[in-house]
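Working notes for the structure below.
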Amino acid sequence: MKLYLKIWRQFDVASKGEMVDYEIDNVSEHMSFLEMLDLLNESLIQKGERVIEFDHDCREGICGQCGVMINGRAHGPLKNTTTCQLHMRSFKDGDTIYIEPFRAKAFPVLRDLKIDRKAFDSIIASGGFIGASTGQAPEANSIPISYETAEAAFDAAACIGCGACVASCKNASAALFVGAKITHLALLPQGKIEAPKRAVSMVKQMDEEGFGACSDTRACEIECPQGISVLSIAKMNLEYVKALTFRK
Amino acid sequence: MMESKIPEGPLADKWSNYKAKAKLVNPANRKKMTVIVVGTGLAGASCAASLAEQGYNIKSFCFQDSARRAHSVAAQGGVNAAKNYKNDGDSTYRMFYDTIKGGDFRSREANVYRLAECSAALIDHAVAQGVPFAREYAGYLNNRSFGGVQVSRTFYARGQTGQQLLLGAYQALERQTALGKIKLYTRHEMLELVVIDGKAKGIIARNLETGKLERHAADAVVLASGGYGKVYYLSTLAMGCNSSAIWRAHKKGAFMAGVSWIQFHPTSLPQHGENQSKLTLMSESLRNDGRIWVPKTAADDRNPNSIPEEERDYYLERKYPSFGNLAPRDISSRAAKERIDAGHGVGPMKNAIYLDFSDAIKTQGKNAIEAKYSNLFAMYEKITGINAYKEPMLISPSAHFTMGGLWVDYELMTTIPGLFALGEANFADHGANRLGANSLLQACVDGYFIAPYTIPNYLSGELNAQKIDISHPAFEEAEKTVRRQLDRFLHTNGTLSADYFHKKIGRLLYEKCGLSRSRNKLKEALIEIRELKASFEKDLRITGDNTLNSELEKAGRIADYIELAELMCYDALQREESCGAHFREEYQTADGEAVRNDDEFCYVSAWEWKGLNNEPELHKEPLKFESVELAVRSYK
């Protein structure tokens, strides 16, 4: 099929970007969206032009590195799908596709479609862990965890940190990302002890990184490739309020 | 130079003996020492976090935008541990034996025993970190059996065990980053190793955001940069996986071992077209319930559901009745290729086999299958558009895990003192074939439980060594080498992209040094690789400049791949036997089974770099088996 692409080009973080038009032919419906961009880049190299920079790595929907806005939607039109797992059978011959980076103040554009998501790492560093030192640990079965609890913890732990939640939120809120980690760890007996401290420090860091507040539009849940529930945001709020209420 | 340093004593006591005698560094002195760790996957992140907890200063590097993206994240199936929770006869010894046998008796006894011994502690540690492993209804850990073994010893977190283990290690890494013990350098790529007075003392890294070359000095360097299966271009690996860190260390004097031992994973999605960039892996756990078959008649085009039972060839169950669909990866992959080459392949490109769940759905119900594999079935449908509850999956073998890597001794130190290699970057533990769910295990065990003892043992001897400054001439020289290469790529002005060369070298290796190899094909490959190398030097075209430039990044990796491919062919050519993943067509039985030659090849091949255009030099580390008898590996 033949496609008309409008792609955001921006030289570096300090430059002004713009949408640039491209045409691409011979796109097979079996190609992934990123393979389509590979094909376009190959043609740019043939013309001696700089390629379009985009982030990607595993191309299996799990590393979380890829992600662009496609026709205004994070990771494109399909539900629970990363950009690398979006295939061209979702488009039709003659379509025009708008491709832009995930936009948020806390995610500066490095070049073209590549963004800087270090803010997520800083939030994890502020408390998104269980303070267990390596090397020695009690026998695993000495901490029984019910099947349902382990599954619920997994549902939250499945977040891949791609940033689609931030990009699809009108406030650029990171509440779903932060809520998912707080929920994962607070559900487990090992993580409960630090839960109040964790909630307070992660929420504080989230604000400091420049993410906006959650106003409960639930766009994040709809665009999340892993289908993380907005209930994790409620859990975050609960843990946070509990921590402040019972703080000595 | 190649002293394996295996501790004395009975097999079961070797690691305890080592730990009891390993030298320590006083806590007050640890904060004066710095260790560079390249890679933030399971091996790198766990090593960095563990050493930081002990008090060392760590500089941690990865080329991705975040440490959490390392390719360990993509491992699906599970992680092995000899816990014997199912009371089905598992033990450290049994796991050791399965792993030694699975590796076709081409790994070190002492290393493999240590791997099995440390496995139970890993589950304990991961649970303490909050890894949400699967649980029974009573709250205890659940596990399952996995390719190549007959007991249930694989622990899993749905189909995303790698992701959950990695998040545990990544979170431990970030915790130490916040405490100031780890300085994290994301979007940085190591491009050269700095060796001073014969010891590893630093690296040259390129900041991929700015293009700036940086010098980093340390008291020891750890390479945990993963495997090089992406040399085949089409593989199950992430696009950025590469061999550059270990290859550049190799050219600085570190030996490479078992280089041609590359595992082809039996259950990935088949190639569908020319512009494809990778092959997606489907968890091998699917083989627990899926039955593998092809039509008995070659070139049978019928829909699989309309092929009657008696016209189906369940070839794994037929050829290997005691293991059937759970036969180890090398056996399963080769059996698939054999059927495909014989004209029984299915799918649009006739390059696949069927993995069929209809029997399992009939006997267990769709709900049970959904509970076990729903995410994998959903992924399959997303990629192929096919509902695998209704018709069999199409799967095929694809390049996956590299058993080869930098040669290391028992302490995981390479032939360059002060340079350590962990996880898939080293050759250790898996022999000529890796069993399913042993990869995450080895990476974690290396980083959490072994390096934290062996690296301090080395560092204790460096306490009084002179501190190296980055103005040292060795840094100057290393940086110049890197700069020269980058300039050359930018100014070649040819007509062909970096990807063009990657696809070429990948196809060449797949055909001549892939699932099966022969003397003639390997000799041809060596000639063709030299031609490709010459073409790369004059025909490459890199657009853009020396700042952020993904094409420039690729060029360096492909230059390394081409050199590595040559070594792979030398290694495969020299090893005149079939073992594990290495199947030499000249050495097989009348019914196509591998013939190993223990009299002449019971050693690890370690290769020394002898300069551009010179043949590498082979060094042999004999393998001594004291606790097991070398047996013909049979899964019949």
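Computed from a prediction, not measured in an experiment: that's the story for all the values here. Side-chain atoms are counted along with the backbone in the values below, which use heavy atoms only and exclude waters and symmetry mates.
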| Between A:F154 and B:R158, does a side chain to side chain contact (heavy atoms under 4.5 Å, CB included) hold up when you go through it step by step? | CA-CA 8 Å; A:F154 186 97; B:R158 289 194 199 147; 3.0 Å; yes

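- Your options are A:Q190, A:Q65, A:H87, and the one with the most heavy-atom pairs under 4.5 Å with chain B is A:Q65.
- Using a 4.5 Å heavy-atom threshold, the side chains of A:I130 and B:Q129 count as separate.
- For the pair B:D124 (side chain) and A:A140 (backbone), a donor-acceptor distance under 3.5 Å is present.
- Residues A:C63 and B:H71 are not in side-chain contact: their nearest non-hydrogen atoms beyond the backbone lie 4.5 Å or more apart.
- With a 4.5 angstrom heavy-atom cutoff, A:F11 touches chain B only via side-chain atoms.
- Residue A:D155 touches chain B through both its backbone and its side chain, counting heavy-atom pairs closer than 4.5 Å.
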| said: Could you go through A:I123 and B:E174, starting from their C-alpha distance and side-chain angles, then the distance that decides it, and tell me whether this counts as side chain to side chain contact (heavy atoms under 4.5 Å, CB included)? | reply: CA-CA 9 Å; A:I123 293 173; B:E174 291 293 351; over 6 Å; no

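- Residues B:S277 and A:R59 meet the side-chain proximity criterion, which asks for heavy atoms closer than 4.5 Å.
- Of all residues in residues 34-44 of chain A, those placing a non-hydrogen atom less than 4.5 angstrom from a non-hydrogen atom of chain B are A:E35, A:D38, A:L39, A:E42.
- Between the side chain of B:K278 and the main chain of A:C58, a donor-acceptor pair closer than 3.5 Å is present.
- Taking the side chain as every heavy atom from C-beta outward, A:I145 and B:F133 never approach each other to under 4.5 Å.
- The part of A:E148 that comes within reach of chain B is its side chain, from C-beta onward, which places non-hydrogen atoms under 4.5 angstrom from that chain.
- Looking at heavy atoms from C-beta onward, B:Q163 lies in side-chain contact with A:I160 at the 4.5 angstrom threshold.
- Contacts between A:K47 and chain B at a heavy-atom distance below 4.5 Å involve the backbone alone (N, CA, C, O).
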| field | Pair A:Y147-B:N142, side chain to side chain donor-acceptor pair (under 3.5 Å): steps then yes or no | value | CA-CA 10 Å; A:Y147 174 85; B:N142 198 355; over 6 Å; no

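- Residue A:E60 forms a side chain to side chain contact (heavy atoms under 4.5 Å, CB included) with just one option from B:T280, B:V73, B:L237, and that option is B:T280.
- Interface remark: A:Q205 contributes no atoms to any contact with chain B (heavy atom separation under 4.5 Å).
- When the shell of 6.0 Å around NZ of A:K192 is examined, it contains more than 12 heavy atoms from other residues, nucleotides or ligands.
- Surrounding OH of B:Y140 are at most 12 heavy atoms belonging to other residues, nucleotides or ligands under 6.0 Å away.
- Between A:D55 and B:R187 there is a salt bridge, since at least one side-chain N of the basic residue sits less than 4.0 Å from a carboxylate O of the acidic one.
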| message | Please determine whether side chain to side chain contact (heavy atoms under 4.5 Å, CB included) holds for the pair A:E139 and B:K83, giving the CA-CA distance in whole Å, both sets of side-chain angles, and the decisive distance to 0.1 Å. | response | CA-CA 10 Å; A:E139 155 60 41; B:K83 283 277 201 187; 2.9 Å; yes

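- At a threshold of 4.5 Å between non-hydrogen side-chain atoms, the residues A:E49 and B:T543 do not count as touching.
- Note that the NZ atom of A:K114 and the CG atom of B:D65 stand 8.0 Å from one another [nearest 0.5 Å].
- Two residues are said to be in side-chain contact when any heavy atoms from C-beta on lie closer than 4.5 Å; A:S133 and B:R175 meet this criterion.
- Two residues are said to be in side-chain contact when any heavy atoms from C-beta on lie closer than 4.5 Å; B:Q276 and A:M31 fail this criterion.
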